[in-house]
Every structure is written in structure tokens, then in C-alpha cells.
Amino acid sequence: MKVKINGETENVLALWREGHIVKMVDQRKLPHSFEIITLENHRETAKAIKTMVTRGAGAIGNAAAFGMAQAALEAENKPLDEFIEYINNASETIRKTRPTAANLFKAVDKCLEAGGWGNVSVRVDGIVKRADEILKQDMKASKEIAIAGNKLIEDGFKILTHCNAGALAYVDHGTALAPIREAVKEGKDVFVWVDETRPRCQGARITAWELEQEGIPYALIADNAAGHYMQKGEVDMVIVGADRIAVNGDTANKIGTYEKAVVAMENKIPFWVAAPGMTFDLDITSGAEIEIEEREPEEVSMMWGQGEDGKPTRIRIAAEGTKVRNPAFDVTPYKYLDGFITEYGLIQRPFNEGIRWVFGQPGLLPWFKYR
Ligand code: RUB
């Protein structure tokens, strides 16, 4: 991802590993300041996931894997039984950070699998290598998603997106923003409607910032304005990311996605989900089984931003003691989706047996066609 730092354009990843240290862009500070945070051990990395220093399904998957690598390195001098206990405890700490995104749990499982045999040094090596591989595979998948999704974008398209499914959510082109980046690279004239995405405003704070950095034309809109532009014929397609996709295609993504999908269908606007294989959960048959994270009430009753003095400020917008509910995600039933943009290509309606081999399990998304 391109970032302008002190007037110079640099390529920066959302997060990376340097030996036992993990570094990540502090997404809580964007767009008002660009800071890199250093995490010394797996507990700090787990806390960074929980407090949303990094966020987005893919990025928290990478952070989880790096946390596992840190735990392995922290325990490298322990006897085997203590090492196993340490790694298992670390995996539980990391799993408890955020419940909805499939990528986090899969990353932990993949690291445990890689460190599940041999002596301590073989296990450490296995876990660290697997964590790095997950990042590399995500970078490749992100590029493949960009190429597959670009096929859907025509010159002059106006595309709506919700939340942030960009390079800060999934290294290093994003999911939903990846095809848009590719289309712009190819010279297509593309415009992006950016939903602000209350309550944390990842659209306003992160997506708008990413698009500005890349010079891609966009306008930030209040969440409530999306239907208005759809109705006026000013939205040609919607692309969003995903946190967990069930076998039947039901998709959990940032709260508000469901509403956008329903209104898109009402207005006959194609609605696509860009997501890698890591986000598909083959163990659940429908969205009813997806755990929806409930976050703290202050995200709704207060707003965070920059004060007129240029300093970070929190203001209260609802009276103290106001009762709040704050689900972070919702589930969009598969019937509202035109398809998925994956590293394997486009998966779209209608039924085709070809999908069966894509994720190696019969019955996945049987109503979709793979091409
Ligand atoms: C982020 C969110 C994103 C998906 C897509 O929620 O809902 O749309 O995670 O991510 P949060 P990706 O900010 O609460 O983590 O691009 O990695 O698929």
C-alpha cells in the first residue's frame, strides 16, 4: 500500500514480523496520524487484535499467526511438555481476542498444525515458517482477487463499498478494494462511494484515507445515503469484504452490510463479496452459526476524532447512561449476493458442480458457479 510519509511515497504493509517483534500500522490513529506500533510478545499482539490496533479479517489472521510465532520463539528454550503447554495457552489467548473473522481461527490452527510434531526446535521452526507463509499466501491471494474482480468492473463504474476491506484489512491490495485498485491501474475510470461505517467509522477513517493515498476518486457518504445513490442510478455495483462465509454462502461482514445488500437487490445492483478461501468456514452450514461480536457501548454513544486544536478527542453524543447495543457484524443471506471474488476466480450463480473441487469439499456453495 502506498503511503505518503513526510512528502515521500513509501510502500508499507499493514503488519509485518521482525524476529520476535511484530510491527503494525496503528489503525486506531488513522487518518489523523500515521504511526507504527511495536509488539514485543504474543500477549501484546493479542491485545493489539482485541483493541483493534489492527483489524479486518485478513490482517487479524496475520496478526494471530505472528502472535503464534512470537509464542513459539518465547518458549524455544523450554522442555517439550512445557513448550506444548505454552503454545496451547498462547493459542487460547489469541482465539479469545475477536470471535467473528474465520481467518484468525484458521491462522491459529494452521500454526498449531505446523508445530505439532518433532522436538522443540522443529516445532518452533514449523510455527514461524507457517506464520510467514500465511502472510505470503495472503499477499498472493490479494493480487489474484484484484485480477479476478477487475473483470467485473467496466470503465466509468461507480462502486459502493462498506467498512474497510483494503490494504490495511488484507495485505497487501485488500479484498474489496483490490479489484478497484487493479481497474484503476488498467486505466479504467472508476469512482468509489465510501460508506462512513458507524460506529467505528472504518470507511471514513481508513477506506477514504487509503483511496486518497492512492489517488483513486471517491466520496465519503453517511451510511444512510447509500440507498439514495442506488435509487438515483449512481451505483453500478457494490463490493464488500467478509469476515466469515458459511457453506451456503451466508456472509458475515461489518454491521450495515445486510441493509446495503437488500437495497442493492431492490435496485438491481450487483452485490459482490471479495474474500479469500481463508474466510470460508467449511464447518458451518449457514450464517445462523456465526458468532457476532458485540463491542463496547462507547463506540456508539461516543465519537473519536481530531479536535479543532489538532489533538485526538472523544466526544459524547448520547447522554451518559444511555442504553446501547453494538453488534459489530451482521449476516447477509446468500440470496442477496451475486457472488464471491476469490483467489480461485469468480464464484457466481447459478448452481454448478464445478465449485465442489474449489475448496476441496463437496457441497460448498452449491448454488454458485465457478468460472
Ligand atoms: C472489518 C470488516 C471488513 C472485513 C473484510 O471489521 O468487516 O469488511 O473484515 O476484511 P473490523 P478483509 O474493522 O471490525 O475488523 O478485507 O480482510 O477480508
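In listed order, ligands and their atoms are each counted from 1. Because the structure is predicted, anything quoted here is derived from the model rather than measured. Positions are given from 1 along the sequence.
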Undergrad: Going by the atom numbers of ligand 1, which of them fall below 4.0 Å from some non-hydrogen atom of Met52?
TA: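 Heavy-atom distances to Met52 below 4.0 Å select 11 (P), 13 (O), 14 (O).
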Undergrad: Just heavy atoms, cut-off under 4.0 Å: does Cys163 contact ligand 1 by side chain, backbone, both, or neither?
TA: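 The answer is the side chain of Cys163.
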Undergrad: For atom 17 (O) of ligand 1, what's the nearest protein heavy atom and its distance?
TA: Gly58 N, 2.7 Å
Undergrad: Go through the side-chain N and O atoms of Asn62 and Asp138 and say whether any donor and acceptor fall under 3.5 Å apart.
TA: yes
Undergrad: Search all heavy atoms of Ala64 against all heavy atoms of Ala107 and return the closest pair with its distance.
TA: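 Closest approach of Ala64 to Ala107, heavy atoms only: CB-CB, 4.4 Å.
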Undergrad: Mind checking whether Ala242 contacts ligand 1 via backbone (N, CA, C, O), side chain (CB onward), both or neither, at a 4.0 Å heavy-atom cut-off?
TA: backbone
Undergrad: Check each atom of ligand 1 against the heavy atoms of Tyr170 and keep those under 4.0 Å away; list them by number with element.
TA: 16 (O), 17 (O)
Undergrad: Between Gly241 and ligand 1, is there a nitrogen or oxygen pair with a distance under 3.5 Å?
TA: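 Looking only at distances, the answer is no, because the N/O contact criterion of under 3.5 Å is not met.
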Undergrad: Which atoms of ligand 1 are found less than 4.0 Å from any heavy atom of Asp243?
TA: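 Answer, ordered by atom number: 2 (C), 3 (C), 4 (C), 7 (O), 9 (O).
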Undergrad: Can you find an N or O of Ala169 that's nearer than 3.5 Å to an N or O of ligand 1?
TA: yes
Undergrad: Considering only non-hydrogen protein atoms, determine which one is nearest to atom 8 (O) of ligand 1 and report residue, atom name and distance to 0.1 Å.
TA: Asn253 OD1, 2.7 Å
Undergrad: Quick one: which of Arg295, Lys254, Arg244, Arg205 has a heavy atom closest to atom 11 (P) of ligand 1?
TA: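 Closest candidate by heavy-atom distance is Lys254.
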Undergrad: Of all the atoms in ligand 1, which lie at a distance below 4.0 Å from a heavy atom belonging to Arg98?
TA: 11 (P), 14 (O), 15 (O)
Undergrad: Is the NZ or CZ atom of Lys158 both under 6.0 Å from the centre of the six-membered ring of Tyr229 and within 45° of that ring's axis?
TA: no
Undergrad: Using every non-hydrogen atom in the two residues, find where Asn150 and Lys188 come nearest and quote the distance to one decimal.
TA: OD1-NZ, 2.6 Å
Undergrad: Under 4.0 Å from any heavy atom of Gln202, which atoms of ligand 1 are there?
TA: 11 (P), 13 (O), 14 (O)
Undergrad: Starting from atom 16 (O) of ligand 1, what is the nearest protein heavy atom, named by residue and atom, and what distance separates them?
TA: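 Ranking protein heavy atoms by distance from atom 16 (O) of ligand 1, first comes Thr175 OG1, 2.6 Å.
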Undergrad: Quick check on contacts: which atoms of ligand 1 are under 4.0 angstrom from a heavy atom of Phe329?
TA: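 Every atom of ligand 1 under 4.0 Å from some heavy atom of Phe329: 6 (O), 7 (O), 14 (O).
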Undergrad: Flag the pair Ile341 / Val273 as yes when at least one side-chain heavy-atom distance between them is below 4.5 Å, and no otherwise.
TA: no
Undergrad: Where is the tightest heavy-atom contact between Asn164 and Gln202, given as atom of each residue plus distance?
TA: CB-O, 3.8 Å
Undergrad: So, regarding Arg55 and ligand 1 (criterion: nitrogen or oxygen to nitrogen or oxygen, under 3.5 Å), is there a contact or not?
TA: yes
Undergrad: What heavy-atom pair brings Asp236 and Gly156 nearest, and what distance separates the two atoms?
TA: OD2-O, 3.9 Å
Undergrad: For atom 10 (O) of ligand 1, which candidate among Ala14, Gly174, Ala57 provides the closest heavy atom?
TA: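 Heavy atom nearest to atom 10 (O) of ligand 1 belongs to Ala57.
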Undergrad: Could you check whether atom CD of Glu85 has more than 12 heavy atoms from other residues, nucleotides or ligands sitting under 6.0 Å from it?
TA: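 No, not enclosed.
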Undergrad: If we only consider heavy atoms of Glu293, is any one of them less than 4.0 Å away from an atom in ligand 1?
TA: no
Undergrad: Are the aromatic rings of His32 and Trp209 close, with centres under 6.0 Å apart?
TA: no
Undergrad: More than 12 heavy atoms of other residues, nucleotides or ligands under 6.0 Å from NZ of Lys110: is that the case?
TA: no
Undergrad: Can you tell me if Gln231 has over 12 outside heavy atoms packed within less than 6.0 Å of its CD?
TA: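 No, CD of Gln231 has 12 or fewer neighbouring heavy atoms, counting only those of other groups under 6.0 Å.
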Undergrad: With a 4.0 Å cut-off on heavy atoms, is Asn164 in contact with ligand 1?
TA: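 A heavy atom of Asn164 does come that close to ligand 1.
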